[in-house]
Protein chains: 2
Amino acid sequence: MSYTYEYPRPALTVDCVVFGLDDEDLKVLLIRRGVEPFAGRWALPGGFVRMDESLDGAARRELEEEAGIRPGHLEQLYTFGAPGRDPRGRVVTVAYFALVKLSDHVLHAATDAREAAWFPVWRAPKLAFDHADVLAMALRRLKGKVRYQPIGFELLPPKFTLTQLQRLYEVILERELDKRNFRKKLLAMDLLEELDEVEQDVSHRAARLYRFDHRKYKQLEKTGFNFEL
Amino acid sequence: MSYTYEYPRPALTVDCVVFGLDDEDLKVLLIRRGVEPFAGRWALPGGFVRMDESLDGAARRELEEEAGIRPGHLEQLYTFGAPGRDPRGRVVTVAYFALVKLSDHVLHAATDAREAAWFPVWRAPKLAFDHADVLAMALRRLKGKVRYQPIGFELLPPKFTLTQLQRLYEVILERELDKRNFRKKLLAMDLLEELDEVEQDVSHRAARLYRFDHRKYKQLEKTGFNFEL
DNA sequence: CCAAAAGTGTTTCACTTACACCCATGA
DNA sequence: TCATGGGTGTAAGTGAAACACTTTTGG
C-alpha cells in the first residue's frame with residue numbers, strides 16, 4: 001500500500017498552551033503573529049513539525065525558540081484537524097499543554113524578534129485560528145488533572161507556602177477552599193517536606209516553606225496511592 | 001510564512017482501538033494486514049486522512065470501510081508520532097478509542113477483502129507498528145474513564161441486567177465488586193430505567209432488565225451531577 | 001428438589017465538611 | 001498597638017465497605 005504515500009498530506013504543526021501563575025492570576029503565554037494570516041493577532045506558540053523530531057520534541061523546540069521556555073510539565077493535549085481551521089489550507093495541529101514556574105521565566109523580550117507575553121487566562125485577547133478552542137480545552141484539562149495528579153507544583157517555585165498552594169488550587173478550580181481542611185488533607189498525604197525556612201519580606205507573620213517531595217510521590221504511586229485534590 | 005508549506009510533511013493516519021464486550025471477555029477489533037510492512041500481522045483498523053475530512057470523520061470512515069462498524073462512542077485518544085514508528089518513513093497517527101455493542105457487530109466477513117476479528121484484549125496477538133502501545137493506552141483510558149463517565153453502557157445491549165453491568169465494570173477494572181454495594185450505588189444515581197421485562201432463556205431466575213437513561217443523564221450533568229464508578 | 005443466579009439491609013469506619021479563635025510579625 | 005495573614009481542632013454528617021441469607025425459576 002505504498003501508493004498511499006502519494007496522497008496529498010496535511011501540514012503538521014504543534015501548538016502549546018503554556019500556563020504560569022503569579023500573584024494576580026493564572027497566565028497563558030501568547031505570541032503576537034507577525035505575518036498573515038492573522039498578522040498582529042495573538043496566538044499560541046507553535047510551529048511546524050520537522051521530519052526527524054518527535055511531536056514532544058517539536059513542542060519543546062518551539063517553546064525554546066519562541067520564548068526561551070523549558071516547561072516543568074509538558075503533555076499532549078489533543079489534535080485539532082478540522083479542514084477549515086487554517087485559511088491557508090489543511091493544517092493539523094497537535095496541541096500541547098505545559099506548566100512553568102513563572103518566576104523562572106520572566107520573558108526576556110522576544111527571543112526570535114516576535115513579541116511574547118503572559119495574559120490572564122480569563123481575559124485573553126482574541127486569538128488566531130482555533131486557538132481559543134485549544135486554550136479552552138487546556139483549561140478544562142488543567143482543571144481536571146490538577147485534582148488527581150500533583151502537577152500544580154510545577155506552577156510554584158520549589159519552595160512555597162501552604163497559602164500559595166491553596167491559592168493555586170483556588171485559582172485553577174475557580175472556587176474557594178477551606179484553609180484548615182486544605183492543610184489537613186495535603187499534610188496528611190505526607191508529600192510535602194516541611195522546611196526550616198519561612199518566607200521573606202512580608203509585613204506580617206512569615207509562613208513556613210514546604211517543598212514537594214517528588215521522590216516520595218513516585219514511591220507511593222507504585223503502592224497504589226492516589227493523589228487527590 | 002507560507003514558505004513553511006514547502007517543508008516536507010509527515011504522512012497522517014488515524015488508527016482506532018475498538019472495544020466490545022461479550023460473555024467471555026473484553027474484546028478489541030483487529031485487522032490482518034495484507035501487505036508490507038508487517039504483512040500477515042494483526043493491526044488496528046485505520047488509514048490515511050483525506051484532505052477534506054475531519055480527523056473524527058476519517059476514523060469513522062475507516063471503521064465503516066474496514067469492518068462495517070459505526071461505534072456508539074468515539075473519542076480521540078492520543079497522537080503517536082515517534083520518527084521511527086513506521087518503517088516506510090515518517091507517519092504520524094491520530095489514535096481513536098471506540099466502544100461498540102458487540103451484539104450489533106457480528107463481523108460479516110471482511111468488508112474490504114481484509115480479515116477482521118475480535119480478540120480478547122488481555123490476549124491480543126503481536127501487533128504491527130507501535131499498535132501495542134496504542135492499545136495499552138486505550139485500555140488505560142477506558143479503565144480511567146469508565147469510572148467517571150457513563151460510557152460503559154455503549155458496550156452493552158440497550159436492555160441489560162444489573163449483573164451484566166457489574167460484570168462489565170469488573171472486566172474493565174480488573175477487580176471484583178460487591179454486588180449489593182454496586183446495585184445500591186447505581187440505582188441511587190437514578191439513571192437506570194427499570195423495565196417491566198426480564199432476561200429470556202436462562203435456566204434460573206430471570207433478572208430484571210434496565211435501560212440507561214441518556215436524557216436524564218444530560219439533565220443531571222448540567223446541574224453539576226457527577227457520575228462516579 | 002436441586003442448581004443457579006437474583007435480589008435485598010444493616011453496621012462500621014473513614015473521610016469530608018463546617019466552623020472561629022489565638023498567634024506571630026512588621027509597620 | 002494595630003493590621004495582616006499564619007496556624008490550629010472538633011463535632012456532625014455523609015458515603016464507602018464489609019458482610020449472608022432468602023427467593024425465584026428451570027431442569
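Every value quoted in this text rests on a predicted model; they were computed, and no experiment measured them.
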Show your reasoning for whether side-chain contact (heavy atoms from CB on, under 4.5 Å) applies to B:Met137 and B:Phe80. CA-CA 11 Å; B:Met137 186 174 288; B:Phe80 294 80; 4.0 Å; yes
Separation of A:Glu176 atom CD from C:dT17 atom P, in whole Å? 15 Å
Using whole Å, what does the distance between atom P of nucleotide D:dC19 and atom CG of B:Leu177 come to? 15 Å
To the side chain of B:Asn181, which of D:dG7, D:dA17, C:dA6 is closest? D:dA17
Does A:Lys184 make a side-chain N or O approach to OP1 or OP2 of D:dT8 shorter than 4.0 Å? no
Does the pair A:Glu65/A:Arg61 count as a salt bridge with the N-to-O cut at 4.0 Å? yes
Can you check the B:His204 NE2 to C:dA5 C1' distance for me, whole Å? 5 Å
Please state whether the phosphate of C:dG7, meaning OP1 or OP2, lies under 4.0 angstrom from any side-chain nitrogen or oxygen of B:Arg183. yes
Please give, in whole Å, the distance from D:dG7 P to A:Gln166 CD? 12 Å
To the side chain of A:Arg180, which of C:dA27, D:dG7, D:dG9 is closest? D:dG9
Of A:Ala206 and A:Lys179, whose nearest nucleotide on DNA chain C comes first from the 5' end? A:Lys179
Please state whether the phosphate of D:dG27, meaning OP1 or OP2, lies under 4.0 angstrom from any side-chain nitrogen or oxygen of B:Ser203. no
Tell me: CG of A:Leu209 to P of D:dG6, nearest whole Å? 12 Å
Distance in angstrom units between B:Phe182 CZ and C:dT8 P, rounded: 14 Å
Separation of A:Arg175 atom CZ from C:dA18 atom P, in whole Å? 10 Å
Any ion pair linking A:Arg141 and A:Glu75 (charged N to carboxylate O, less than 4.0 Å)? yes
Assess whether a salt bridge exists between A:Lys143 and A:Glu174, defined as any Lys/Arg side-chain N lying under 4.0 Å from an Asp/Glu carboxylate O. yes
For the pair made of CZ in B:Arg208 and P in D:dT23, what is the distance, rounded to whole Å? 18 Å
Along DNA chain D (nearest heavy atom to each residue), the more 5'-positioned of B:Lys185 and A:Thr161: A:Thr161
Side chain of B:Asp178 - closest among C:dA24, D:dC19, C:dA4: D:dC19
Taking the ring of B:Phe153 and the ring of B:Phe160, is the distance between their centroids below 6.0 Å? yes
Looking at C:dT16, D:dG7, C:dA5, which one has an atom nearest to any side-chain atom of A:Ala207? D:dG7
